[in-house]
**Q** 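Take this structure first; my questions come after.
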Amino acid sequence: MHIKVLGSGCKSCDTLTERVRQAAADAGVDATVEKVTDLAEFERYGIMSTPALVIDDEVIMAGRVPKPKDLVKMLERRG
Amino acid sequence: MSSVWSFIQNQVLGMRWLNDLVGAGLTQIGIDPAGYLGGSLQFFIYDVIKIFILLGTLIFVISYIQSYFPPERTRAILGRYRGLKANTIAALLGTVTPFCSCSSIPLFMGFTRAGLPVGVTFSFLISSPLVDLGSLILLTSIFNLEIALAYVVVGLILAIFGGALIEKLGLGTEIEDFVVGSGPGQEMDTPDLSRSERLDFAREETLGIARRVAPYIFIGVGIGAAIHNLVPQAIIEALLGNDNPFSVIIASVLGVPMYADIFGTIPIAEALHLRGVGIGTVLSFMMAVTALSLPSIIMLRKVVKPKLLGFFVAIVTGGIIVIGYLFNAIEHLFI
């Protein structure tokens with residue numbers, strides 16, 4: 001599973017990245033987590049608010065930082 | 001009827017009872033609220049508590065409303081309008097769309113990609129931090145409803161015409177090349193949220209924003225308390241008082257590069273006004289701090305060329321200064 005967190009470096013982007021890393025570990029899924037600040041990537045995924053969560057090239061959500069346990073549940077479902 | 005409203009304004013929103021309570025509490029433990037230290041302490045405690053209560057309630061309610069207006073929906077709505085009408089709708093939507101300034105880049109890109117004129121995007125970007133339900137209620141609590149409504153109206157006008165002016169000046173081409181030209185990109189599915197998802201969103205936003213904004217509130221209240229009780233009247237009057245014809249300009253120029261949440265500016269605005277600074281000067285300061293900031297300008301630079309950026313800052317600052325003088329001039333009509 002390849003997870004990307006798209007953001008421009010504000011606090012919530014960092015928080016989401018941390019939470020996703022932790023959630024991946026908690027959910028026991030094998031995932032790489034990448035923090036993306038390249039604007040061309042924002043363009044490519046068509047996101048309008050940050051931070052955005054992209055899993056295996058699919059935009060899952062944007063503009064919010066979900067609770068850790070919601071992230072774990074979501075990753076478990078996909079894993 | 002007007003006594004009911006006075007009650008709402010003074011006690012529910014202004015929470016004067018809280019101020020009295022804190023004052024009484026301090027007296028009980030031997031600190032005199034009439035003295036310098038006691039007065040500052042009273043103001044500090046009262047203001048911090050009041051702001052956090054207001055903040056919590058307001059953000060929760062507003063976020064709930066905002067969950068109905070994700071940026072994708074705003075963009076779709078705006079696509080249907082042209083000209084000044086589009087600027088107007090953009091400014092109005094800016095007040096209800098959830099938007100942290102770090103989102104300004106993807107939002108700008110998204111709007112532009114969909115073919116929305118740059119002026120319309122800027123109307124949105126100007127009104128978004130400047131005007132919302134929160135600022136309306138806060139201003140009512142510090143001043144009164146008439147001023148709050150006037151601020152909202154004037155802020156919207158600034159957003160609408162600021163954006164339109166940017167368009168008229170032909171600055172629409174001054175965007176970084178990579179922004180224009182690529183296709184619509186992957187359109188994200190934005191399903192409607194359920195009631196409990198909206199409540200979750202509202203709660204997350206409230207806690208997240210409260211945490212982020214808390215330091216600014218403490219600093220703002222600290223400065224407010226100092227202004228309230230410690231800074232000599234003479235300095236305030238010299239710099240920002242009504243006899244100084246440059247007070248509005250000073251307030252605006254000071255405020256522009258500063259970054260603080262609107263909640264952090266309240267205690268400063270309150271304290272300045274109590275010390276006799278004109279309404280217009282106070283409002284200019286608040287608007288300058290919220291509408292523009294060094295971080296957001298730096299962010300915008302990534303998608304917008306220097307010429308457009310410069311005009312944007314100049315137009316908004318100029319508008320704020322004009323509004324400040326206007327309000328100072330008509331102040332007697334409101335108070």
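By convention in this document, chain letters (A, B, ...) are assigned in the order of the sequence lines, proteins followed by strands, and residues within each chain are numbered from 1. Everything numeric here is computed off the predicted structure, so don't read it as measured data.
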**Q** Calculate, to the nearest 0.5 Å, the distance between atoms NZ and OG1 belonging to B/K302 and A/T37 respectively.
**A**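 Result: 7.5 Å between the selected atoms.
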**Q** Which value, rounded to the nearest 0.5 Å, describes the distance between B/R203 atom CZ and A/K67 atom NZ?
**A**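 Those atoms lie 4.0 Å apart.
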**Q** From A/E43 CD over to B/M109 CE, what is the distance, rounded to the nearest 0.5 angstrom?
**A**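 Atom-to-atom, A/E43:CD and B/M109:CE are 4.0 Å apart.
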**Q** Taking atom CG of A/D30 as the centre, does the number of heavy atoms from other residues, nucleotides or ligands within less than 6.0 Å exceed 12?
**A**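 Counting other residues, nucleotides and ligands, CG of A/D30 stays at 12 neighbours or fewer.
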**Q** Can you name the nearest heavy-atom pair linking A/T50 to B/P106, along with the distance?
**A**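 Here A/T50 and B/P106 meet closest at CG2-CG, 3.5 Å.
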**Q** Nearest 0.5 angstrom please: A/R64 CZ to B/S63 OG, how far?
**A** 11.5 Å
**Q** Taking all atoms of both residues into account, what is the closest heavy-atom pair of B/P71 and A/S49, and its distance?
**A** CG-OG, 4.0 Å
**Q** NZ of B/K305: more than 12 outside heavy atoms within 6.0 angstrom?
**A**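 It does: B/K305 NZ has more than 12 such atoms within range.
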